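These figures come from a predicted structure and were not determined experimentally.
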Protein chains: 2
Amino acid sequence: MKILVAEDDANTRDALREVLDREGFRVVTASNGREALDLFRKEKPDFICLDVMMPELHGYEVCSRIRREDESVPVLFLTAKSEEIEKVLGLELGADDYMTKPFGVKEVLARIRAILRRSGLLRKTGRDGAVFTMGDLEIHPAELRAIRGTQVIQLTLRDIHVLRVLHEWKGKVVERSRMSDLVWGVGFMPESRALDQHISQLRKRIEVDVSSPRIVRTVHGLGYRYDG
Amino acid sequence: MKILVAEDDANTRDALREVLDREGFRVVTASNGREALDLFRKEKPDFICLDVMMPELHGYEVCSRIRREDESVPVLFLTAKSEEIEKVLGLELGADDYMTKPFGVKEVLARIRAILRRSGLLRKTGRDGAVFTMGDLEIHPAELRAIRGTQVIQLTLRDIHVLRVLHEWKGKVVERSRMSDLVWGVGFMPESRALDQHISQLRKRIEVDVSSPRIVRTVHGLGYRYDG
DNA sequence: AAAATGTTGTCACAGAATTGTAAAAGCGCC
DNA sequence: GGCGCTTTTACAATTCTGTGACAACATTTT
């Protein structure tokens, strides 16, 4: 399994290389956008970690060009500012996920593994394999959709992100602050009702009975939980 | 939760101390690198905010030495120049995060909390989220609930707190005043039925027969007791 | 035993804190 | 401009907690 790490900061780059290396991945690194694109063509990596802010060629542009040549290779964006997430989300660059700096090494690894698992499933079943399920809901991150029976529900990347976090913590409470960190990035508006609002809208779409949610349950004073 | 703030600028130091103090952290401060190292050894803080530019002993050096003695205590670097980030970011120093001056107090708090959460040090349900049992009741503090057989009982933070105290004093009487101190904090309820009220509600939820409690027994004139 | 006294349990309700949601505004992209 | 998504605002709904009145209970005193 070969991973391309494109990141202009040498220390972050080396840190990622070291930890991925230790986990048994083969790693190639680029320190700017042009180099990243070159290496992508030459090395045919199975996975790409892409910094947003890079000299020579911006991360968005790199991703966009990669997508023109390969529409399936997973891309994980690394971004320093939470504002940049908006662009990543909005640009429809075909990114599979994003992380805000600073991130813990373990979190990066977990995210990479999750994406690889998903894309592995994707290859087996062709273009639209079931990726993960929550109750009677089948969630297809790649298509931004969920399916219950014959009903197709349109989701956003952020919806998917929230659901994925809950799914990964199945049976455990995800504290509001942790959810906020994982989905919006550290230090994002402590006293904002954005999270509640998002949960509310999400429930409207995915819950059978909004007044007694079975997928996104609230744990008063702590956060939210999905029981298997 | 004890936090060591090492920062040579008195204004920044005092500002940090004040805001952390108000958030309920215990704070010790150092104004130079050597003092920081001394205090780290003496006070065994749970978290360290470390200025990079300090007299006597540079921040990197302090961090490096701390890491030789303790490889798990979280370190948040405070740095004035963005160029310095590069060095901080490298995993060689073992820093968990960094902030560039000037920073807002809210952001510092957010980052500290994020790091503490990541390292599992911050739990609203107490230091120890471990499951414990009382009779046929299985208590899951981190989940804010208890389980008897197939029945799931929702609890509140205070419920958990009360139960934990009784569990820790198993077989011994916990005096009303002590329970009050431990759960509500020292110097609370002069004459209020808050404790009784809470016990009453708690019993309704967790006792099989409220009229003869087996988990929260009252010892008239003294307090409450849980016999194994 | 009965009464007196002090202690604990419970009810009803108010205030506080937390969470839910509709409406409107912001933002970026056709 | 419209459109889709997100966030803010403002308020409603819900949940949690503490209070005061009073009932129930235990203990001591008559």
Side-chain angles (χ1 to χ4, degrees), chain A residues 60 64 81-95 98 100 144-145 153-163 173-177 179-180 183-185 187-207 209-213 215-225, chain B residues 124-125 144-145 153-162 173-177 179-180 183-185 187-207 209-213 215-225:
Chain A
Y60 302 154
S64 173
K81 303 190 189 100
S82 52
E83 306 96 64
E84 289 173 338
I85 293 175
E86 312 302 319
K87 297 201 176 180
V88 175
L89 289 175
L91 284 177
E92 292 177 4
L93 290 169
Y98 56 86
T100 51
L144 296 186
R145 289 199 292 222
I153 302 164
Q154 201 66 34
L155 298 174
T156 68
L157 193 43
R158 231 191 258 291
D159 292 333
I160 300 280
H161 212 141
V162 169
L163 290 175
V173 175
V174 180
E175 288 165 37
R176 290 174 63 90
S177 51
M179 180 67 84
S180 174
V183 178
W184 279 267
F188 181 79
M189 323 172 199
E191 69 277 303
S192 156
R193 319 228 49 65
L195 174 56
D196 307 70
Q197 180 67 322
H198 218 277
I199 296 285
S200 173
Q201 303 294 352
L202 179 56
R203 277 175 176 155
K204 273 193 203 163
R205 275 173 284 161
I206 64 169
E207 297 284 1
D209 177 8
V210 180
S211 61
S212 68
I215 294 176
V216 185
R217 299 185 181 195
T218 124
V219 180
H220 192 100
L222 267 190
Y224 298 95
R225 174 178 51 208
Chain B
K124 287 196 180 175
T125 45
L144 244 48
R145 57 187 179 183
I153 302 163
Q154 285 296 340
L155 299 174
T156 69
L157 286 169
R158 249 190 241 295
D159 293 334
I160 298 283
H161 212 144
V162 169
V173 175
V174 180
E175 290 144 41
R176 289 175 64 90
S177 58
M179 179 66 83
S180 170
V183 177
W184 279 266
F188 193 63
M189 319 192 296
E191 50 172 272
S192 149
R193 298 273 145 272
L195 174 56
D196 307 72
Q197 174 69 343
H198 239 280
I199 297 286
S200 172
Q201 303 292 358
L202 179 55
R203 277 173 176 156
K204 274 190 199 165
R205 274 173 286 164
I206 65 169
E207 297 285 0
D209 177 9
V210 179
S211 61
S212 68
I215 293 175
V216 186
R217 298 185 183 199
T218 121
V219 181
H220 194 94
L222 281 180
Y224 299 94
R225 179 181 54 202

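Taking only side-chain nitrogens and oxygens, B:W184 comes nearer than 4.0 Å to OP1 or OP2 of D:dG18. Within the structure, a side-chain polar atom (N or O) of B:R203 is placed less than 4.0 Å from OP1 or OP2 of C:dG9. Contact annotation: B:Y224 does not reach the phosphate of C:dT7 (side-chain N/O to OP1 or OP2, under 4.0 Å). For the OP1/OP2 pair of C:dT10 and a distance below 4.0 Å, the side-chain nitrogens and oxygens of B:S200 include at least one atom meeting the criterion. Distances shown here put every side-chain N or O of B:K204 at or beyond 4.0 Å from the OP1 or OP2 atom of C:dT10. Between B:H220 and D:dT27, a side-chain N or O to OP1/OP2 separation shorter than 4.0 Å is absent.
If B:R158 and A:R205 are placed on DNA chain D by their nearest nucleotide, the residue sitting closer to the 5' end is A:R205.
Of all nucleotides listed (D:dG18, C:dG20, C:dG9), C:dG20 comes nearest to the side chain of A:T218. Distance from the side chain of A:T156 is smallest for D:dT6 among the nucleotides C:dG20, D:dT6, C:dT10.
Rounding to whole angstrom units, CZ of residue A:R176 and C1' of D:dT15 are separated by 14 Å. Per the geometry, CZ belonging to A:R217 stands 17 Å off C1' belonging to C:dG20, to the nearest Å. Here the P atom of nucleotide D:dG18 and the CG atom of B:D159 are 11 Å apart, to the nearest Å. Separating the CG atom of A:L195 from the C1' atom of D:dC5 is a distance of 16 Å, rounded to the nearest angstrom. Summarising the geometry, the separation between CG on B:L202 and P on C:dT10 is reported as 12 Å, rounded to the nearest angstrom. Between B:Q201 atom CD and C:dA12 atom P the separation is 11 Å, expressed in whole Å. B:E207 places its CD atom 11 Å from the P atom of C:dG9, with the value rounded to the nearest Å. Atom CZ in A:R193 sits roughly 12 Å away from atom P in C:dT21 (whole-Å rounding).
Using a 4.0 Å heavy-atom criterion, one finds that A:V210 contacts the sugar-phosphate atoms exclusively.
Side-chain atoms of B:R205 never come within 3.5 Å of backbone atoms of B:I153 as a donor-acceptor pair (strictly under, hydrogens ignored).
Judged by atom type and distance alone, A:Q197 does not reach the base of D:dT6 through any side-chain donor-acceptor pair under 3.5 Å. A donor-acceptor contact under 3.5 Å is not formed by the side chain of A:Q154 with the base of D:dC5.
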#### Entry: Worked check of side-chain contact (heavy atoms from CB on, under 4.5 Å) between B:T156 and B:L202
CA-CA 9 Å; B:T156 69; B:L202 179 55; over 6 Å; no
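With a 4.5 Å cut-off on side-chain heavy atoms, A:V216 and A:I206 count as touching.
Here the options are A:D196, A:T218, A:V219, A:I199, the test is side chain to side chain contact (heavy atoms under 4.5 Å, CB included), and the partner is A:R176; only A:D196 passes.
What you find for A:L144 and A:Q154 is that their closest heavy atoms are O-NE2, 3.4 Å.
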